[in-house]
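Quick caveat: nothing in here was measured; it's all calculated off a predicted structure. Indexing begins at 1, ligand by ligand and atom by atom, following the structure's order. Below, all heavy atoms of this structure are taken into account, side chains as well, without hydrogens, waters or symmetry copies.
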Amino acid sequence: MLIEKIEALKAQLNDLHASNEEMLEELRIKYLSKKGEITALFNDFRTVAPEQKRELGQRLNELKTLATEKISALRETFKAAAKEKNKIDITRPSLPGYLGTRHPISVVRKQIIDIFSRLGFVLADGPEVEDDWHVFSALNFAADHPARDMQDTFFIEKNDEDVTRNIVLRSHTSSVQVRTMDHQQPPIRIICPGRVYRNEAITARAHCFFHQIEGLYIDKNVTFADLRQVLLYFAQQLFGPDTKIRLRPSYFPFTEPSAEMDVSCMLCGGKGCSFCKNTGWVEILGCGMVDPAVLEASGIDSSVYTGYAFGLGVERITNLKYMVKDLRMFSENDVRFLDEFTAAH
Ligand code: PHE
C-alpha cells in the first residue's frame with residue numbers, strides 16, 4: 001500500500017544520518033533521484049483510486065519536501081563544519097616570538113662598568129688599529145720588549161728598521177689611557193673597555209682576541225692605598241661582600257710598583273679546592289702606580305701628579321662568575337650557550 005510505504009519512508013527520513021558528504025549524496029540518490037524511492041512512489045501514485053488522490057498526493061508532496069529539507073539541512077552542517085575548519089581565529093594569542101639574550105661578555109662588562117661608574121670613573125674609547133706609540137712606546141716599553149714581537153702582536157704594518165713606526169692591532173686598552181692623557185690634564189678618572197688582540201693559538205684557555213677593561217686615575221696625592229681600596233670595593237661588589245683581595249708584586253713596563261691581584265676563591269671561599277688549585281686564591285687583574293716616565297711621555301708633570309692604573313680581562317671574570325670552561329664558547333655564537341644567560345641580565 002502506498003500509504004504504508006509513505007509512512008515507512010517518513011520514519012526513515014526523520015532519522016536520517018550521514019557522516020560525510022559522500023554518504024549524504026548517496027542518500028539523495030537513494031530517495032530523490034530519478035530512480036530514487038520517493039520518485040518511485042510518484043509513479044505508484046498514478047494508479048491510486050481517484051478518491052484517495054487528494055490525500056495521498058498531499059502526503060507524498062510532504063514526504064518529498066521532508067526529504068529535500070533533511071538532506072539540505074545535513075548538507076549545511078557539513079558546509080559549516082568545513083568552513084569552521086578553514087577559519088583563522090584572529091583572537092588566538094600568537095606563538096611566543098624568540099627573544100635573544102645579551103651576550104655574557106656584554107652582561108659582565110656592564111656590571112664592571114657600573115661598579116666603576118659609581119666611583120666616578122667615566123668611559124673612554126679609542127681605535128683598535130693603533131700606532132706603536134700609543135700601544136708601546138708611550139707606555140715605557142723598551143724597543144726590544146718581547147710584547148712587540150711577532151708572537152704577541154698582530155702587525156698591520158711592520159717596520160723592521162724602526163719599530164716605533166709599526167701599526168698594530170692594540171694588544172691592550174692602555175692605548176686609550178695614553179690617548180686620554182695626551183689631550184687632558186689631571187684629574188683623569190677613566191675606564192677603557194674594548195677588544196684587544198694577541199697573536200696566540202686558539203685553545204680553550206687562550207684566544208687571539210678578548211675584551212679588556214682598564215682603569216686610570218691621575219690626580220694630586222693618589223697613592224697605592226687608594227688603588228687597593230678601589231680594587232677591594234670592586235671585588236666585593238662583583239663577587240660578594242665576603243670577598244678578600246691579595247696583591248702580589250709583579251712587573252709591567254708602565255707601572256711602578258706593579259702588582260697582580262687575587263681574590264679569595266669564589267667556589268671554596270678561600271679554604272682551597274680544585275678550582276683554585278688548593279691555594280684559596282684566583283688571579284683577576286694587573287695593576288700598579290703609573291710610572292712617572294709614562295706621565296711625562298704624555299706631558300703630565302710627574303712631580304705634581306701621581307696615578308694608578310689597572311687592567312682586567314672580561315672573559316676571565318666571566319669565566320670566574322659563570323664557570324665557563326672553554327673560552328671559545330664566547331665567540332662561537334652558539335645560541336644554546338647564549339640561552340643559558342637569559343637570567344643574567
Ligand atoms: N695593560 C696590562 C695588560 O694588558 C694590564 C694592566 C693595566 C696592568 C694597567 C697594570 C696596569 O696586561
Side-chain angles (χ1 to χ4, degrees), residues 109 112-113 116 119 121 123-128 130 132-142 145-149 151-154 168-181 188-200 205-219 222-232 234-235 245-263 282-295 297-298 300 302 305-317 319 327:
R109 181 180 52 199
I112 296 170
I113 291 173
F116 286 110
L119 294 171
F121 285 81
L123 286 176
D125 203 3
E128 295 184 9
E130 266 290 10
D132 176 88
W133 172 257
H134 291 92
V135 181
F136 298 124
S137 292
L139 288 160
N140 209 26
F141 280 81
H145 192 283
R148 295 172 185 258
D149 198 77
Q151 309 240 307
D152 282 305
T153 308
F154 285 114
V168 302
L169 289 179
R170 67 181 179 194
S171 55
H172 53 185
T173 57
S174 304
S175 54
V176 182
Q177 305 182 359
V178 176
R179 284 188 177 272
T180 306
M181 289 188 284
I188 293 173
R189 185 153 40 189
I190 53 165
I191 37 171
C192 322
R195 187 179 269 200
V196 300
Y197 301 84
R198 290 184 194 178
N199 194 356
E200 294 195 34
R205 299 168 59 85
H207 213 296
C208 61
F209 63 78
F210 61 97
H211 298 80
Q212 267 194 339
I213 297 183
E214 296 212 354
L216 174 72
Y217 178 39
I218 305 171
D219 205 344
V222 177
T223 68
F224 201 95
D226 298 324
L227 170 63
R228 190 184 186 284
Q229 194 58 28
V230 160
L231 293 180
L232 176 65
F234 165 68
I245 63 166
R246 167 174 94 168
L247 291 162
R248 281 180 290 106
S250 183
Y251 172 78
F252 298 103
F254 36 90
T255 46
E256 184 60 35
S258 304
E260 250 148 343
M261 184 174 97
D262 300 336
V263 291
V282 284
E283 186 194 316
I284 66 161
L285 56 78
C287 60
M289 299 307 290
V290 181
D291 193 303
V294 173
L295 297 176
S298 290
I300 292 173
S302 64
Y305 295 107
T306 50
Y308 63 69
F310 54 85
L312 55 85
V314 183
E315 276 80 351
R316 170 139 186 92
I317 306 273
N319 276 349
L327 262 184

- prompt: ligand 1 versus C287, non-hydrogen atoms closer than 4.0 Å: side chain, backbone, both, neither?
  reply: backbone
query: Of all the atoms in ligand 1, which lie at a distance below 4.0 Å from a heavy atom belonging to G311?
result: 5 (C), 6 (C), 7 (C), 9 (C)
field: With sequence neighbours excluded, residues passing ring pair (Phe, Tyr, Trp, His ring centres under 6.0 Å) with F254
entry: F141, H172, F252
field: The one among M261, M289, E214 that brings a heavy atom closest to atom 5 (C) of ligand 1
entry: E214
message: Please determine whether any non-hydrogen atom of Q177 lies less than 4.0 Å from an atom of ligand 1.
response: no
- line: For H207, the ring pair (Phe, Tyr, Trp, His ring centres under 6.0 Å) test, sequence neighbours excluded, returns F209
message: Using the side chain to side chain contact (heavy atoms under 4.5 Å, CB included) definition, which of the options I188, I218, V290 pairs with Y305?
response: I218
message: Within ligand 1, which atoms have a heavy atom of S174 less than 4.0 Å away?
response: 1 (N)
query: Hey, does R198 sit under 4.0 Å from ligand 1 if you only count heavy atoms?
result: yes
- prompt: Strictly under 4.0 Å, does any heavy atom of Y308 approach an atom of ligand 1?
  reply: no
- prompt: Looking at the rings of F121 and F234, which for Trp means the six-membered one, are their centres under 6.0 Å apart?
  reply: no
- line: The atoms of ligand 1 lying under 4.0 Å from a heavy atom of F254, numbered in the order shown, are 1 (N), 2 (C), 6 (C), 7 (C), 8 (C), 9 (C), 10 (C), 11 (C)
task: Check each heavy atom of F310 against ligand 1 and say whether those closer than 4.0 Å belong to the side chain, the backbone, both or neither.
output: backbone
message: Under a 4.0 Å threshold between the charged nitrogen and the carboxylate oxygen, would R179 count as salt-bridged to E130?
response: yes
- line: Within 4.0 Å of some non-hydrogen atom of Q212, the atoms of ligand 1 are 3 (C), 4 (O)
